[in-house]
Number of protein chains: 2
Amino acid sequence: MTAARTKAHLQRVGLDMIAEAGYEAVTVEQIARAAGVSHMTFFRHFPTKQSLVLEDPFDPAIAAAIAAQPPGASALARACRGVRVALDAVSLPEEDQVRIRVRIGASTPSLTAGIWANTLATQVAIADALSTLSPPYESRIAAAATIGALTVAVLEWGTGPADRRLKDNLLEALNVLDPLDPLDPLHQSEHSR
Amino acid sequence: MTAARTKAHLQRVGLDMIAEAGYEAVTVEQIARAAGVSHMTFFRHFPTKQSLVLEDPFDPAIAAAIAAQPPGASALARACRGVRVALDAVSLPEEDQVRIRVRIGASTPSLTAGIWANTLATQVAIADALSTLSPPYESRIAAAATIGALTVAVLEWGTGPADRRLKDNLLEALNVLDPLDPLDPLHQSEHSR
DNA sequence: TCCCCCAATGTTAGTCACTAACATTCTTGT
DNA sequence: ACAAGAATGTTAGTGACTAACATTGGGGGA
């Protein structure tokens, strides 16, 4: 069996078991056996048990959109506006499996901790994108604040009603840090400065 | 030996060993033996190995100062101004041991992850304090952004030059989220609204 | 078609963080 | 001095994760 198939199979089986019994109640050994492999194969595909749930590749489009923001605004505002642009361009997965993973992560304390840890790479990428126009310290602060807001938005989406769109949650979060004109709440980020 | 003394002794010995050899290179067993106790005693005083480095009690004064902020400003602004007031009132420890702990945490990836996890309780407290005047969602976003900024400020302080004051780092971070009048950059938080 | 090669997987034996159950010692008030 | 409770020790275990080495299976070249 090809490597990608084995990995996908492990994740499907593992998420099923965890969704049913809870993250702590399922051991890696059990997941591996249920998927018909050994625990070593599990760890060859997922570096940690956490990563089965939390694995989330960073999208470089976000950093690019932030770096492309025009000068004249604070680092925080540029970060928020860049993310808005990226949200318009990229199509979010919004698949059911993502929602399940977020729900598991939000309801398991040890995983919620891991979620914040997972954002570190994104945080650094955003800070780098900001630092072309702002001092490094301000860039790091703005990046951390932005990531914090977005992470809460994702967690809230995962635990909220199923018909709520992730994108709406994210835009609302950005609005807290960088308020748009309330009369024209959307479609302004690309044109305002 | 009284419990508090044993705990302090374990922490002193453990931080010494970790500062010298690195967090991953020192086992709990080694710390316990060096302190003249068994590993069970270690875990009776520190729930995890991480907590030896990261343990940091939440100061309720911060939440109180935020809750006392006057209405008329955004949740984010009230959070920042409340923290500024709390920083004026409370005297920060600023001891060498704190700096050592932050330095260890900042330079050890698995601990940096734990630092973010440790802020969760504070984040919830701030969100609660904000939610008396703002909707819960906006409160959670603002709390996450504020905590994110403050955490970066602490990490930066821990790795930066030794004569830099923690308070200055924190105020500068708050300034990124809630800019003060640049002509009167300090001493304004208590009077502005 | 055969074979070989290498990627994917298995086996085994460990380390380390952490826990449960129970035994032991030390301290402290009376 | 003497119980009673707090602090600590012992032992045995679980589970995540790693290192070293053995094994298999399928696809490309001869």
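Naming: A, B, ... by sequence-line order, numbering from 1 per chain. Fair warning: this is a prediction, and the values are worked out from it, not measured in the lab.
- Within 4.0 Å of A/T41, counting heavy atoms only, lie sugar-phosphate atoms of the nucleic acid but no base atom.
- Put simply, NZ on B/K49 is 16 Å from P on C/dT15, counting in whole angstrom units.
- If you check every strand for non-hydrogen atoms under 4.0 Å, B/S38 touches a base.
- For C/dT9, the base has no donor-acceptor partner in the side chain of A/H39 [N/O atoms by modelled type, under 3.5 angstrom].
- Residues B/R78 and B/S134 have side chains that bring a donor and an acceptor to within less than 3.5 angstrom of each other.
- Among C/dT9, D/dA7, D/dC17, the nucleotide with an atom closest to any side-chain atom of A/H45 is C/dT9.
- Taking every side-chain heavy atom of B/M40 into account, D/dT11 is the closest of D/dT11, D/dA16, C/dT9.
- An OP1 or OP2 oxygen of C/dT27 is reached within less than 4.0 angstrom by no side-chain nitrogen or oxygen of B/T2.
- Among B/K49, B/E24, B/Q50, the single residue meeting the side-chain contact (heavy atoms from CB on, under 4.5 Å) criterion with B/L111 is B/Q50.
- Side-chain N/O atoms of A/T48 include none lying less than 4.0 angstrom from OP1 or OP2 on D/dA16.
- Looking at A/R84, A/K167, A/R164 one by one, the single match for salt bridge (charged side-chain N to carboxylate O under 4.0 Å, His left out) with A/E172 turns out to be A/R164.
- Taking the side chain of B/R44 as heavy atoms from C-beta on, and the options C/dC16, C/dT9, C/dC22, the nearest nucleotide is C/dC22.
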